Amino acid sequence: MIPDVDVFISNYTIVDPEVYQLWVDGCTAEVAVDIVHKHAFKSEHTLDLVKSDVSDHYRTYSLLEKLLHNPPKLAEQLHFQIEPLTRQLLIEKYYEFDDSVIRELLGKKLSSRYRKDLDEVSEKTGVSLKSCRRQFDNVKRIYKMVEDMQGSVIQNIRNLFLLPEDLAKRYGTVVLLACLRLETGKKKLHYLTFRDLYECSMAIMASWTYPVGTTDHDCIDLDREFLLDLRDIRTLLEKEKEHKHLVCSKLKPELLDKAYQELELNFKNYSRSIITIGCNLHRTRELRMLFVELVEKCIEPWKQVSWSISDLTAFLDAYTHCALQLDCLRENDTKTVWERFMNVLTICLIKMYHS
């Protein structure tokens, strides 16, 4: 009798991380061959062998690219047999982005016309044009998919694109800034890095938006009731002398004489700038210009008198907590609004205050 034989043929797709990174970075196959050949020189791989191998990899990655536009399909398709760890590497590397490139894209309209003009971004950042276009397309794709979805924008990005949490948060920042249309392109904001804006955006998302699951809104919708309630902090202007006394008493042992005298002299201007920003956030235009207002009304005056970052940190801490000792903020609602406002403002001002 002839025994039954089960035959299984496997053809796993091989991904070379080095070659894949070169492809993702927008290197041509010719450039990739030169780089790989130099690395493989000691192994005595011939140039023809390296060229054949790299070309094969590039063809595979080009075929995979359409699937990478919709990562869940990569797991469902049957044309390529890819191990889970390799599949995750393909997705993560494809959706990684350069902070410098995304900083240039912030505030820009993600249109086909702008995509054609990415040469300037490429030249300014030193990132290849092909990579700039990949990053532009990824941002646009993710933004279009999640902008109108309810729930956590970060979790939505993770679910739809199978990205790790840190990368999903970075894309969440881009979505938040785009949806709120926060001004980031003004000349006086050019010094801010993507990381600065990331920290500010994460703070806004955590404290000024509706909590996930409590309303029909999503987590990038600002809490309108909170923004309207912020008008109540104007009551601090009536207690300016008491507030100043408490802050100065707390900071006198901590600040150098020059910084302390400067604070005593200009406390009124600093306090009114902060309170005015908060009271006006319910207006769309003032909200959009938040970062500009923080630079013009707070950061520039502090830089003119050479405050250090430690001076600023000490002032914001004292300013926030001393206000809570005043009768006008002892009501729970107003107290909560004040803390919620100053928590974000403190993070933003410290991140934006470059020495």
Side-chain angles (χ1 to χ4, degrees), residues 176-177 179-183 199-251 263-264 266-299 301-302 312-353:
L176 176 78
L177 291 171
C179 287
L180 297 183
R181 299 174 66 194
L182 293 175
E183 177 61 63
E199 298 289 349
C200 296
S201 299
M202 284 291 104
I204 291 172
M205 196 182 298
S207 297
W208 288 2
T209 60
Y210 291 98
V212 175
T214 58
T215 67
D216 292 333
H217 298 275
D218 58 48
C219 75
I220 54 175
D221 284 338
L222 292 190
D223 185 339
R224 296 304 303 178
E225 290 78 7
F226 160 69
L227 297 181
L228 290 170
D229 289 344
L230 268 174
R231 293 175 298 179
D232 294 339
I233 67 173
R234 194 180 297 276
T235 187
L236 282 171
L237 297 176
E238 300 168 10
K239 300 291 183 179
E240 193 172 89
K241 289 184 179 179
E242 293 93 324
H243 194 189
K244 176 182 176 181
H245 174 72
L246 291 171
V247 172
C248 290
S249 297
K250 181 174 176 58
L251 291 179
L263 172 60
E264 259 198 327
N266 292 301
F267 179 87
K268 178 178 179 179
N269 294 333
Y270 300 158
S271 182
R272 293 197 171 195
S273 293
I274 291 172
I275 292 169
T276 300
I277 288 172
C279 290
N280 291 335
L281 279 178
H282 66 284
R283 297 173 182 157
T284 303
R285 185 185 180 282
E286 276 71 11
L287 175 63
R288 287 180 58 191
M289 299 298 287
L290 173 62
F291 297 139
V292 177
E293 293 279 283
L294 291 178
V295 169
E296 290 180 347
K297 294 184 177 179
C298 299
I299 291 173
W302 291 331
L312 173 59
T313 302
F315 167 72
L316 291 171
D317 181 68
Y319 183 77
T320 301
H321 291 95
C322 288
L324 297 174
Q325 299 175 35
L326 301 172
D327 293 339
C328 59
L329 286 191
R330 284 183 180 167
E331 292 184 16
N332 285 335
D333 290 345
T334 310
K335 176 184 176 183
T336 301
V337 167
W338 172 251
E339 290 178 315
R340 197 173 166 186
F341 168 64
M342 285 305 299
N343 176 52
V344 173
L345 213 71
T346 297
I347 292 172
C348 290
L349 288 170
I350 290 174
K351 290 304 300 182
M352 294 169 66
Y353 195 78

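The first residue of the sequence shown is numbered 1, and numbering continues consecutively from there. Since this is a predicted model, take the numbers as computed values, not measurements.
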Residues Trp338 and Ala323: closest non-hydrogen pair is NE1-CB, 3.6 Å

Distance-only criterion, 3.5 Å: show the donor-acceptor pairs between side-chain atoms of residues 284-296 and protein atoms not counting sequence neighbours.
residue: Arg288; atom: NE; partner: Arg181; partner atom: O; Å: 3.3
residue: Glu293; atom: OE1; partner: Lys297; partner atom: NZ; Å: 2.9
residue: Glu296; atom: OE2; partner: Lys188; partner atom: NZ; Å: 3.1

Output a table of donor-acceptor pairs, distance under 3.5 Å, between side-chain atoms of residues 242-249 and any protein atom two or more places apart or on a different chain; print 'none' if there are none.
residue: His243; atom: NE2; partner: Tyr319; partner atom: O; Å: 3.0
residue: Lys244; atom: NZ; partner: Glu264; partner atom: O; Å: 2.9
residue: Ser249; atom: OG; partner: His245; partner atom: O; Å: 2.7

With rounding to the nearest 0.5 angstrom, report the CG to NZ distance, Leu236 to Lys239. 10.5 Å

Exercise: identify the closest heavy-atom pair between Lys335 and Leu324: CG-CD2, 3.6 Å

Which is it for Ile299 and Leu349 under the side chain to side chain contact (heavy atoms under 4.5 Å, CB included) test, yes or no, and what are the steps along the way? CA-CA 7 Å; Ile299 291 173; Leu349 288 170; 4.0 Å; yes

Across all chains, not counting sequence neighbours, the side-chain contact (heavy atoms from CB on, under 4.5 Å) partners of Cys279 are Ile233, Arg234, Ile275

The criterion is side chain to side chain donor-acceptor pair (under 3.5 Å); which residues satisfy it with Arg224, sequence neighbours excluded? none

Might you work through the side chain to side chain contact (heavy atoms under 4.5 Å, CB included) test for Lys250 and Cys322, ending with a clear yes or no? CA-CA 8 Å; Lys250 181 174 176 58; Cys322 288; 4.0 Å; yes

Those residues at least two apart in sequence (or on a different chain) that pass side chain to side chain donor-acceptor pair (under 3.5 Å) with Ser207 are Asn343

All heavy atoms of Ala314 vs all of Leu251, minimum pair found to be O-CD2, 3.5 Å

Locate the shortest heavy-atom distance separating Arg231 from Leu228; write the atom from each residue and the value. NE-O, 3.0 Å

With sequence neighbours excluded, residues passing side chain to side chain donor-acceptor pair (under 3.5 Å) with Asn269: none

Taken to the nearest 0.5 Å, the spacing of Leu176 CG from Leu182 CG works out to 6.5 Å

Any sub-3.5 Å donor-acceptor pair from Ser271's side-chain atoms to Phe267's backbone N or O? no

Mind listing the closest non-hydrogen atom pair of Thr334 and Cys328 along with its distance? CG2-O, 4.2 Å

From Ile274 CD1 over to Thr320 OG1, what is the distance, rounded to the nearest 0.5 angstrom? 7.5 Å

Contact check, side chains of Asp232 and Val337, non-hydrogen atoms, under 4.5 Å: no

Going through the checks in order, is the side chain to side chain contact (heavy atoms under 4.5 Å, CB included) test met by Ile204 and Ile347? CA-CA 9 Å; Ile204 291 172; Ile347 292 172; over 6 Å; no

Would you say the side-chain atoms of Trp208 pair up with the backbone N or O of Arg340, donor to acceptor, closer than 3.5 Å? yes

For the atom pair CE (Met342) and SG (Cys348), what is the distance rounded to the nearest 0.5 Å? 10.5 Å

Nearest atoms (heavy-atom pairs only) where Phe315 meets Trp302: CE2-CZ2, 3.9 Å

Quick one, Asp333 with Asp229, criterion side chain to side chain contact (heavy atoms under 4.5 Å, CB included). Give me CA distance, side-chain angles, the key distance, then yes/no. CA-CA 9 Å; Asp333 290 345; Asp229 289 344; over 6 Å; no

Can you tell me how far apart CG (Leu281) and CG (Leu222) are? Round to the nearest 0.5 Å. 8.5 Å

So Phe226 and Phe341, do their side chains get closer than 4.5 Å, heavy atoms only? yes

Nearest 0.5 angstrom please: Leu326 CG to Glu240 CD, how far? 11.5 Å

